[in-house]
Amino acid sequence: MKRVTAFALSTVAALGLIAGLASPANATPPNIPSASTAASELAALTVAAESHESTYDRDLFPHWITISGSCNTRETVLKRDGTNVVTNSSCAATSGRWASPYDGATWTAASDVDIDHMVALAEAWRSGAWAWTTSRRQSFANDLTNAQLWAVTDNVNQAKGDKDPAEWKPPLTSFYCTYARAFIDVKYEWGLSVDSAEKSALSSMLGRC
C-alpha cells in the first residue's frame with residue numbers, strides 16, 4: 001500500500017458525499033458531544049471491572065447489515081466519510097479518497113480503509129453487552145446514529161484491536177480530545193461501564209480539549 005499526503009480533514013468534509021447528499025461539516029460520525037458534555041457523561045458512567053471476557057464471540061454482534069438498497073453499513077460509512085466516492089452497482093466503492101483521523105493518512109483505495117468500532121465489540125461485551133439481546137448487539141455494531149463507526153487506516157485499526165483508551169490511543173495526539181469525546185458518548189448512550197484505568201485515561205485525554 002502506498003501512503004499519500006494527508007489532506008486537511010475540513011477539505012475532506014466539504015467534499016464528502018453520502019447517498020448523494022453533502023456530508024456533515026467535519027466528515028466524521030454524528031453527535032460527538034462537547035468536551036463539557038463528555039466530562040459530565042464520563043462522571044455518570046458506572047465504574048466496574050470488566051467481565052465475561054471468555055464468553056465473547058464476534059458473531060454475537062451481527063454486522064455488516066443492509067442499510068439502504070444494496071449498501072451495507074461499511075459501504076455507507078465509506079460514502080459518508082469519503083471524498084468523491086464512486087460506487088458500483090453493488091455499492092462497493094471503486095474510487096474516492098479517505099482521510100484517517102486516527103493517524104492523518106489519506107487513502108485512495110477502499111481496501112486500505114477499515115471501519116472501526118470506536119468502542120470495540122469485545123470491549124462492549126466486557127463492559128455490559130454480554131447481557132444484551134442479539135438484536136441490541138446488532139444495533140450497536142451498526143450504529144450510524146452515534147459516533148461509533150469511523151473510516152480509518154486498516155493497520156491502525158488492527159493495532160487498536162479491542163483495546164480501550166487505557167491500553168491504546170490514536171497515533172495523532174491532536175485527535176485525543178475528539179477520540180475521548182466520542183468514546184465516552186458511545187459508552188454513555190449505550191449504558192456501558194468503564195473500568196478505573198479506562199476512566200482515568202479518558203479524563204486525561206479530555207484534558208487536551
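All residue numbers refer to positions in the sequence shown, counting from 1. Every value quoted in this text rests on a predicted model; they were computed, and no experiment measured them.
- Listed for the S193 side chain is a donor-acceptor partner under 3.5 Å among the backbone atoms of S127.
- Pairing each heavy atom of F183 with each of P165, the nearest pair is CZ-CD, 3.4 Å.
- Checking V77, T83, V85 one by one against W98, the side chain to side chain contact (heavy atoms under 4.5 Å, CB included) holds for a single residue, V85.
- With hydrogens and angles disregarded, a donor-acceptor distance shorter than 3.5 Å links the side chain of N142 to the backbone of Q138.
- W132 and W190 have their aromatic ring centers within a separation under 6.0 angstrom.
- No side-chain heavy atom of K199 sits under 4.5 Å from any side-chain heavy atom of L45.
- In summary, of the residues considered (F140, W64, W150), a ring pair (Phe, Tyr, Trp, His ring centres under 6.0 Å) with H117 occurs for W64 alone.
- Hydrophobic clustering (ILVMFWY, side-chain heavy atoms < 4.5 Å, transitive): V86 and V113 are in distinct clusters.
- When all heavy atoms of P101 and L172 are compared, the pair lying nearest together is O-CD1, 3.7 Å.
- The closest donor-acceptor contact from the side chain of D164 to the backbone of A166 lies under 3.5 Å.
- The minimum heavy-atom distance linking I184 with A38 is given by the pair CG2-O, 3.4 Å.
- Remark: side-chain polar atoms of S68 are not paired, donor with acceptor, to backbone N or O of C71 under 3.5 angstrom.
- Looking at every heavy atom in both residues, N157 comes nearest to V152 through CB-CG2, 3.7 Å.
- Listed for the T133 side chain is a donor-acceptor partner under 3.5 Å among the backbone atoms of R136.
- One finds no salt bridge joining R181 and E41 here, because no Lys/Arg side-chain nitrogen approaches an Asp/Glu carboxylate oxygen to under 4.0 Å.
- Taking all atoms of both residues into account, the shortest heavy-atom contact from V156 to P171 is CG1-CD, 4.1 Å.
- In this structure, the side chain of Q148 engages the main chain of M118 through a donor-acceptor pair within 3.5 Å.
- Between the side chain of T94 and the backbone N or O of N88 there is no donor-acceptor pair closer than 3.5 Å.
- Not one N or O on the side chain of T87 forms a donor-acceptor pair closer than 3.5 Å with the backbone of A93.
- Listed here is the closest heavy atom pair of D162 and E123: O-CB, 3.8 Å.
- Using a distance-only test at 3.5 Å, with no hydrogens or angles considered, a donor-acceptor pair links the side chain of T55 to the main chain of H52.
- In terms of modelled atom types and a separation under 3.5 Å, the side chain of R137 and the main chain of L60 share a donor-acceptor contact.
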